[in-house]
Amino acid sequence: MSKPLGADRTATAEASTVDDVLASVRARGGRATSSRRALLEALFNTDGHLTAEELAAAVQARAPGVYISTIYRNLDDLQRLGVVVHSHLGHGPATYQLASSAHAHFICDNCGATVEAPDELFQGLARTAKAKLGFSIDPRHFAMLGHCSVCA
Ligand SMILES: [Zn+2]
Ligand SMILES: [Zn+2]
Ligand SMILES: [Zn+2]
């Protein structure tokens, strides 16, 4: 799970069904297998914040014949193909989401509330980091910790 992601290899924002994502997989040279379909279906049927372990359980609930090792390998492969991304929400294990619906998060360090952070919030920071440091930030990879409106 520790392979770096190709920063510029994300799926198109129009991918809105499992078939759309499998079409992207094929367009990028990957195979659209039934176990990959089961994994994508599990991702489409959650709010997109499952750990690898939770995802594996969700896939096995839908498709009991799929081995855990196959699920983990598919997770790696689909990340390499740019249709799935992981992000770290606070202190726990990484969570996975579809690249087409990936977004940044703020997490309250006090009560654990998760706030979805629109990309526009990071545009100024992204421009400044690029201009001053030549660095392209990826605000979706790690959540930013702080305090929510209730705890502030
Ligand atoms: Zn990571
Ligand atoms: Zn809070
Ligand atoms: Zn989210």
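Atoms within each ligand, like the ligands themselves, are counted from 1 in listed order.
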| field | Shortest-distance N/O/S atom, Glu116 versus the Zn ion (ligand 3) | value |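 Restricting Glu116 to its N, O and S atoms, the minimum distance to the Zn ion (ligand 3) goes to OE2.
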| request: Applying side chain to side chain contact (heavy atoms under 4.5 Å, CB included), run through Ser87 and Thr95 and close with a yes or a no. | output: CA-CA 5 Å; Ser87 51; Thr95 63; 3.7 Å; yes
| task | If you have a sec, read the angle at the Zn ion (ligand 1) from His86 atom NE2 over to His88 atom NE2, to 10 degrees. | result |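 It is 110°, given to the nearest 10°.
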| said: Salt bridge or not between Asp119 and Arg140? Use side-chain N to carboxylate O under 4.0 Å. | reply: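 Result for this pair is yes, salt bridge flagged.
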| request: State plainly whether the residues Arg73 and Asp76 are in salt-bridge range, i.e. N to O under 4.0 Å. | output: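 No, no charged N to carboxylate O under 4.0 Å.
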| message | Need one value: angle at the Zn ion (ligand 2), Cys151 atom SG versus Cys148 atom SG, rounded to 10 degrees. | response |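 Approximately 100° at the metal, rounded to tens of degrees.
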| said: What do you get for the angle at the Zn ion (ligand 2) between SG on Cys111 and SG on Cys108, to the nearest 10 degrees? | reply: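 The two atoms form an angle at the metal of about 110°.
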| task | Please determine if the Zn ion (ligand 2) has an N/O/S atom from His147 lying under 2.8 Å away. | result |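 Within the cut-off used here (under 2.8 Å), His147 places no N, O or S atom near the Zn ion (ligand 2).
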| query | Taking all atoms of both residues into account, what is the closest heavy-atom pair of Gly90 and Ala143, and its distance? | reply |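 Distance-wise, the nearest heavy atoms are N-CB, 4.2 Å.
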| task | Compare every heavy atom of Leu75 with every heavy atom of Leu39, then report the nearest pair and how far apart it is. | result |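 So the two residues come closest at CD2-N, 3.8 Å.
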| task | Could you tell me the angle subtended at the Zn ion (ligand 3) by NE2 of His103 and NE2 of His49, rounded to 10°? | result |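 That angle works out to 130° after rounding to 10°.
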| Are the aromatic ring centres of His49 and His86 under 6.0 angstrom apart? |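 Centroid distance His49-His86: not below 6.0 Å, so no.
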| request: Looking only at N, O or S atoms, find the one in His141 nearest to the Zn ion (ligand 1) and name it. | output: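 Checking each N, O and S atom of His141, the shortest distance to the Zn ion (ligand 1) belongs to NE2.
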